[in-house]
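Just so we're on the same page: letters track the sequence lines, and every chain starts at 1.
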Amino acid sequence: MSETENPFRYTAALAGEIELRWQRYWAENGTFHAPNPVGELADPTHPRAGAPKLHVQDMFPYPSGAGLHVGHPLGYIGTDSYTRYQRMAGFNVLHPMGFDAFGLPAEQYAVQTGTHPAVTTAANVERYRQQLRRLGLAYDERRSFSTTDPEYYRWTQWIFLQVFNSWFDPEAGKARPIDELIAEYESGARGPEWASMSPAQRRKVIDDHRLAYVSEAPVNWCPGLGTVLANEEVTPDGRSERGNFPVFQRSLKQWMMRITAYGDRLVDDLDSLDWPEPVKLMQRNWIGRSRGAHVDFPIGDEHIRVFTTRPDTLFGATYMVLAPEHELVARIVPGAWPAGTHEKWTGGAATPAEAVAAYRAAAAAKTEEERTADGKVKTGVFTGAYAVNPVNGAEVPVFVADYVLAGYGTGAIMAVPAHDERDFAFATVFELPVIRTVEAPEGFEGAWVGDGRAINSGFLNGLAKDEAKAAMIAWLEEHGKGAGATTYRLRDWLFSRQRYWGEPFPIVYDETGLPVALPESMLPVELPDVDDFSPRTFDPDDADSEPETPLSRKKDWVQVELDLGDGPKTYTRETNTMPQWAGSCWYELRYLDPHNDKALVDPANEAYWMGPRSERDPGGVDLYVGGVEHAVLHLLYARFWHKVLFDLGHVSSFEPFRKLFNQGYIQAYAFRDARGVIVPAEEVVERDGKWYYGDQQVTREYGKMGKSLKNVVTPDEMCEQYGADTFRVYEMAMGPLDVSRPWETRAVVGSQRFLQRVWRLVVDEETGAVRPMDGELDPKTRKVLHRVIAGVREDMDELRFNTAIAKLIELTNTLTPLPSVSREAIEPLVLMLSPFAPHLAEELWSRLGHEGTLAYADFPKADPAQLVADSITYPVQVNGKVRGRVEVAPDTPEADVRAQALAAVAEALAGREPKKVIVVKGRLVSVVV
RNA sequence: GUCCCCGUAGACCAAUCGGCAGAGUCGAUGGACUCAAAAUCCAUUCAGUGUGGGUUCGAAUCCCACCGGGGACACCA
């Protein structure tokens, strides 16, 4: 075996020994502790105390029972490499890691295994910690926590109380303490009714203003999961994102958070963030802000209020549509069809009432999916009623149609077929008139939605689109027929879940049935131990089932005697729990001051790590790395909470994450045999471009790594076979961090060979001795060294780890064949390698005679003098083809380069006179004849 | 259907402002070492940039159309 020949070769076994040793060293010496400005974690003696800060974070994991596969740590290794580099470059680096351990999956896993979620969660977290430690990730372990720690969720509950105890002041555009609202009512500033109200009535009025409130409203009930879900957790086809169960609309009493109040700021502040455009776009789409107007169309003694983004086209409104669920529908239907009703409008029914009833029943029976199915022909039915267009008094027929959604705007529209494609399609089916009110290009057919001058529009005629909108809104407001308005697609956040494994609400109910906030002194409200933590499960299709909270079964916990200031009384506890998102809504703040029991974070620590750098700067985490799947859910909720905390003065940053980076995924091949059964990918071999499992041919597919696809590769295996450093280098070298790519175990050896070559530069494989380092570095190699240093720094700053590693390999390959080794090149190489292969680098650094860790050594700097080339070779093109080359000194004047170039291609020119000669400095010369 | 991103050697990926298509890795092939093999080392191989146009002295890079892959949105008035 090789061990006997080269006993000191850098093998997986040796790597493992080195890695465990340095991991122990780092832990024992607290190498990666980052000092805070104030408090328990302050340390003025720390080498980076008072240095410029850098706060880098990964989206923390949910610790699943399956443990990590090689795809999971990709982002973690990326941020680890980046922060190790920046620490050496002089920054005080905060790079923490925690665990998102509450929530449905933890509970489901516990139910499956029959163990208490607290037990399985703790075990899973421990397993994750060990796996991450084995990879040498440089976290400040003092700042690690799980969202399930009572000391952590105490502050999650505290934030809930902040939200509960505040209201959104539309004048100020921000949240204010609820006491200030109560004071306004008590002063009479909000009308005289207050004085005559009972205490319970007053509480109801106040409760209706809170940012966290209880409401009875249609919500997403998912019997398969036994809980209600937020809109964000329901897929467009009406199923649960987790588990893919059917979701039904049920009117239920639930906790909501008034995220809609922040709709404008959540949209506007996206502009201040350094985030990938697709994520910003998804948030904008989700919030769905549209500006336009509300317009009232009189109908009998009532009116239909519509929302439109095109008030400028009001003169072209030739009919109206109500959503089938619209409450006005039943009231406006007359007893008989008006004389002369178009036969296509009646749906074949004898009376409007029958027609409408049949249509509503049909609409109700359809799923969301069927209603919005692609390419669907517009359907609808005439209500028999006419409303009046408020601008011109024209009578317009009112239809019911399911292309108008009850949940958006007012659930009613004015239809302008000339300038809206949906209305046009409907008008075509029902043969409704089309009146053009915006000038369209010559010969245009269909619905013109572009710009143009207003026509057929009375006082708007001649105005451009935007002018016409403004003019119409002004007219509507002046005549009391409508008003400018903004609507949002965003709905308030449904915040309660009927599950066990979540944060309990710090809320009790008194005899009025109204919620009472517990005082801060009673936090945390600990999740009680129960015998039966599993949710009440239902037939996934049973829409009529009723949610039941596991905590409600624990009667002795639910009934509680408390003294909340007016003597001991019996209260009933809230038995819902918070959604999984609660814990991850603010964890970036807790890392800053993890053990503070006076505040969720000391303001000085928050200002240092996350505060704005300038007036317009949003503040927040300097780099936040995670998958794009959280584009809406987590990132929207976290922004919302952060803004509430900002408004109430608890944080100085108004956004939690200044820069966001979406890492790609490591994917894998999976193989199926002839029966379509997945076979273990590990045992499949390739022959002549085909794949075989044993001797049977199998087909290959590409996708996720997962147990069911039998293609999981774990970091543990990689550490065993190659060592953690090789694994880290491979993951970083295989491509840019934001690109998804296939895992290929057999290619990992390339990274191992690289590290072996570096090792060999320093250590004699036969004797284990450090090689002599007295070699002189020749000038040419020195230039390579400095070019690599400059390039690596640039790449590291831009998170281009793959090209940085390529440059390190290039340097290594330059040094390997040299007859003697030089410290001048070896030491910078070791330092530059350390962000990727920290254990190996530490080991070599110490063998090179240095004391302690290199984590705070200066990252090499290039000498600018060494970056200047001795000479430049210009390729000379004639009519686009390279016909010659000239080598000149770097400072050769352009005219000389030109002359030499022309001389070099004289033969190719064959006496022809150049029409044009282009000299691109430092690049090439192009001659045109 | 609309919008966005991406197509470069057999595979993964480089290529700064439009300037010689190749930094790096795997694989394959050959060689060194070995009794032999593994490991290691050395060397070689391979694309003209998805397709077709256009702009330009010059295009992987810019523009247009199409093909293929991925993503977002999809009756939001």
More 5' along RNA chain B: R746(A) or V920(A), using each one's nearest nucleotide?
V920(A)
Would you classify G71(B) as syn or anti? Syn applies when the glycosidic angle is within 90° of 0.
anti
Heavy atoms only, 4.0 Å cut-off, all strands: where does A747(A) land among base, sugar-phosphate and nothing?
sugar-phosphate
Any idea which of C20(B), C12(B), A77(B) is nearest the T309(A) side chain?
A77(B)
Within the 4.0 Å heavy-atom criterion, would you say L924(A) contacts the bases, only the backbone, or no part of the nucleic acid?
base
Same-atom distance (C1') from U44(B) to C4(B), integer angstrom:
43 Å
If you compare every side-chain N and O of R753(A) against the phosphate oxygens of U40(B) (OP1, OP2), does one of them come in below 4.0 Å?
yes
Look at all strands and tell whether S290(A) reaches a base, only sugar-phosphate, or nothing, counting heavy atoms closer than 4.0 Å.
sugar-phosphate
Aromatic ring pairing F399(A)/F426(A), orientation class (parallel under 30°, perpendicular over 60°, tilted between):
perpendicular
Would you measure the distance from the P atom in C26(B) across to the matching atom in C64(B) and give it in whole Å?
40 Å
Identify whether any heavy atom of E810(A) sits under 4.0 Å from a base atom; if not, whether one sits that close to sugar-phosphate; answer base, sugar-phosphate or nothing.
sugar-phosphate
Atom P, compared across A77(B) and C5(B): separation rounded to whole Å:
24 Å
Could you please spell out the steps behind the side chain to side chain contact (heavy atoms under 4.5 Å, CB included) verdict for L314(A) and L476(A)?
CA-CA 11 Å; L314(A) 196 41; L476(A) 289 169; 4.1 Å; yes
RNA chain B in dot-bracket, Watson-Crick or G-U pairs under 3.5 Å, [ ] crossing, | other strand?
(((((((..((((.....[..).))).(((((.......))))).....(((((..]....))))))))))))....
What's the gap between G68(B) and G30(B) when it is taken at their P atoms, as a whole Å value?
40 Å
Passes side chain to side chain contact (heavy atoms under 4.5 Å, CB included), F754(A) versus L833(A)? Steps please.
CA-CA 11 Å; F754(A) 163 50; L833(A) 182 60; 3.8 Å; yes
Mind checking N813(A) for me? I need base, sugar-phosphate or nothing, with any heavy atom below 4.0 Å counting as a touch.
sugar-phosphate
Would I299(A) and M320(A) count as a side chain to side chain contact (heavy atoms under 4.5 Å, CB included) if you check the C-alpha gap in whole Å, the side-chain angles of each, and the deciding distance to 0.1 Å?
CA-CA 11 Å; I299(A) 181 163; M320(A) 301 185 76; over 6 Å; no
At 4.0 Å (heavy atoms only), tell me whether Q756(A) reaches a base, stays on the sugar-phosphate, or touches nothing.
sugar-phosphate
Once hydrogens and angles are ignored, does a donor-acceptor distance under 3.5 Å link the base of C20(B) to the side chain of R885(A)?
yes
Taking any heavy-atom pair under 4.0 Å as a contact, classify V917(A): base, sugar-phosphate, or nothing.
nothing
Sugar-phosphate only, base, or nothing, as touched by T410(A) at under 4.0 Å among non-hydrogen atoms
nothing
May I ask you to evaluate whether T816(A) reaches the phosphate of C41(B), defined as a side-chain N or O under 4.0 Å from OP1 or OP2?
no
Could you work out which one of A77(B), A39(B), C26(B) sits closest to the side chain of R9(A)?
A39(B)
Would you mind reporting whether Y730(A) and M718(A) have side-chain heavy atoms less than 4.5 Å apart?
no
Rounded to whole angstrom, note down the P distance from A38(B) over to U29(B).
12 Å
Whole-Å C1' distance, G7(B) and C66(B)
14 Å
Does a side-chain N or O of R923(A) approach OP1 or OP2 of G58(B) to a distance below 4.0 Å, or not?
no
N/O (side chain, N802(A)) to phosphate O (OP1/OP2, A14(B)) under 4.0 Å
yes
Looking for any heavy atom pair under 4.0 Å, which part of the strands does R489(A) touch: base, sugar-phosphate only, or nothing?
base
Working for side chain to side chain contact (heavy atoms under 4.5 Å, CB included), residues L636(A) and I287(A):
CA-CA 9 Å; L636(A) 195 64; I287(A) 296 164; 4.1 Å; yes
Donor-acceptor pair under 3.5 Å, K915(A) side chain vs C57(B) base:
no
Looking at R757(A), I'd like to know whether one of its side-chain N or O atoms comes within less than 4.0 Å of OP1 or OP2 on U25(B).
yes
Under-4.0 Å side-chain N/O to phosphate OP1/OP2 contact, K916(A) with C57(B)
yes
Please state the C1' separation for the pair C46(B) and G10(B) - nearest whole angstrom.
8 Å
Taking the C1' atom in each of U8(B) and U51(B), what is the distance between them to the nearest angstrom?
15 Å
Could you tell me if the side chain of Y359(A) sits less than 4.5 Å from the side chain of D402(A), heavy atoms only?
yes
Pair F424(A) + W448(A): ring centers closer than 6.0 Å:
no
Just to be sure I understand the rule, does P736(A) reach a base, reach only the sugar-phosphate, or reach nothing, if contact means heavy atoms closer than 4.0 Å?
sugar-phosphate
So what does N285(A) hit on the nucleic acid, given a heavy-atom distance under 4.0 Å: a base, only sugar-phosphate, or nothing?
sugar-phosphate
Proximity of H294(A) and F307(A) rings by center, below 6.0 Å
yes
